[in-house]
Amino acid sequence: MAKPKVLVTRELYERPLRLLQEKAEVTLNRENRSMTIEEIMAALPGKMGVLAMGSDPMNAKVLGAGKDLKIVANNAVGFNNIDLEAATRLKIAATNTPDVLTDTTADLTFALILGVARRIAEADRFVRAGKWTGWTPSLMIGGDIHDKTLGVIGLGRIGSAVARRGQGFNMRIVYYDIRRLDPAVEQNHQLRFFPLRDLLRISDFVTLHVPLTPETRHLIGAEELGLMKKTAYLINASRGPVVDERALVEALRAGKIAGAGLDVFEAEPQVTPELLQMENTVLVPHIGSATDETREAMTLRAVNNILAVIRGQVPPDILNPEIYRG
Ligand code: DGY
């Protein structure tokens, strides 16, 4: 019997690729670049599955081109690139890769916290430029991390893992989420809930861990940045459009906040040029989950979702389980 056909939009780790190839005929993009929408649409007919990157737009038009498509398996935990409504209407299973990247992304978030407050990237540039003339009492003075207040917006898997790291640094953890924890759980974990505006007022570090949805787009804009302390830092390792990047530039320029550590941007891979000129920003290219172990684990998870559909099972990381009802 012919194997089902699967499109993989970007080169994969060898082990998950072999697992997939055992059960499917794989068309793999071996070029070191993303496929264009047109290329993906042209490749989809006849494919039962697509293993897509979080940066591949899986909108209604693209999904509609896959007449035989049964699954779009995202190689990412975020799935704002998938039109879930369209996938559900077309009875295509949509999946993501939760859990396996939680700690790695939390580590990177903490690297941004440490990096921006202790001016690591700026200090590195300073040394490399040959500007260091010797120990100076006022050289590269930053902000402390320990004993400060860490405001976590979005206390899901990654937000909670960042909170735990903060506790290791003896930080006071406050959080805002659309779902408040049970007070007993809050107490056990030493987490204090605050409404968003209050959290912004009291935090020394505000770190964003919400998914990108119509409700969270520009969750942090001029008004919110205006509530933050002048000495506070904004950290974003969630999705770029959660922050109004223009407003962030203005807030940094006006000294309304002390700095920003960003892994994600509004119009990736473009970065608002003013951010590049600022010394009090740490900017990294969407590498939250970028470790060897985690990237392989993510791909394995995406492959397992496809293999489940091939076996006629509900994929473990299903995002639209309603397609299997009725
Ligand atoms: C994720 O897993 O969502 C990462 O941001 C990669 O897109």
Side-chain angles (χ1 to χ4, degrees), residues 7-13 16 29 32-35 37 40 50-59 62 71-84 87 93-113 152-162 207-217 219-220 234-243 245 260-271 282-306 315-320:
L7 171 67
V8 177
T9 66
R10 206 74 202 243
E11 190 99 51
L12 283 188
Y13 274 84
N29 167 25
N32 191 20
R33 64 165 180 85
S34 301
M35 292 176 78
I37 294 196
I40 294 176
V50 54
L51 197 160
M53 306 302 121
S55 49
D56 292 330
M58 290 290 141
N59 55 34
V62 174
I71 176 166
V72 49
N74 231 23
N75 195 31
V77 68
F79 52 88
N80 51 289
N81 61 313
I82 303 177
D83 183 335
L84 213 51
T95 60
N96 66 342
T97 61
D99 303 324
V100 287
L101 48 63
T102 299
D103 285 310
T104 299
T105 306
D107 288 347
L108 188 276
T109 304
F110 231 82
L112 290 175
I113 291 173
V152 180
I153 299 181
L155 196 74
R157 286 177 291 253
I158 298 173
S160 303
V162 171
T207 185
L208 303 171
H209 301 287
V210 293
L212 177 61
T213 64
E215 291 73 36
T216 61
R217 185 173 291 275
L219 181 69
I220 303 298
L234 180 73
I235 309 297
N236 190 9
S238 61
R239 284 293 182 262
V242 173
V243 176
E245 210 163 285
L262 307 173
D263 179 42
V264 290
F265 301 87
E266 254 200 284
E268 293 175 15
Q270 261 96 51
V271 177
V282 174
L283 313 172
V284 297
H286 202 145
I287 54 168
S289 60
T291 67
D292 211 28
E293 299 91 327
T294 292
R295 284 286 162 85
E296 180 168 24
M298 288 164 69
T299 308
L300 208 47
R301 193 125 184 171
V303 163
N304 277 335
N305 282 311
I306 297 176
D317 301 313
I318 186 77
L319 296 167
N320 52 350

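These numbers were taken from a predicted model, which means no experiment stands behind them. In listed order, ligands and their atoms are each counted from 1. What's counted below: heavy atoms across the whole structure, side chains too, no hydrogens, waters or symmetry copies.
Distance alone, capped at 3.5 Å, places no donor-acceptor pair between the D292 side chain and the R295 backbone. Checked by atom type and distance alone, the side chain of N74 never pairs as donor or acceptor with a backbone atom of A94 at under 3.5 Å. A donor-acceptor contact shorter than 3.5 Å is absent between the side chain of N96 and the backbone of G78. Side-chain atoms of N81 come within 3.5 Å of backbone atoms of D56 as a donor-acceptor pair (strictly under, hydrogens ignored). Side-chain N or O atoms of N29 include one that pairs as donor or acceptor with a backbone N or O of T9 at under 3.5 Å.
For ligand 1 and L101, the ligand atoms under 4.0 Å from any heavy atom of the residue are 2 (O). Remark: ligand 1 atoms within the under-4.0 Å shell around heavy atoms of A76 are 1 (C), 2 (O), 3 (O), 6 (C), 7 (O).
When heavy-atom distances to ligand 1 are checked against a 4.0 Å cut-off, T105 has no atom that comes that close, whether in backbone or side chain.
Between G54 and ligand 1, a contact under 3.5 Å exists for no N or O pair.
Shortest contact from atom 3 (O) of ligand 1 to any protein heavy atom: R239 NH2, 2.7 Å. Closest to atom 2 (O) of ligand 1, if we only count protein heavy atoms, is V77 N, 2.7 Å.
Comparing R295, E268, H286 by heavy-atom distance to atom 4 (C) of ligand 1, the nearest is H286.
Using a 4.5 Å cut-off on side-chain heavy atoms (C-beta onward), I220 and I153 make contact.
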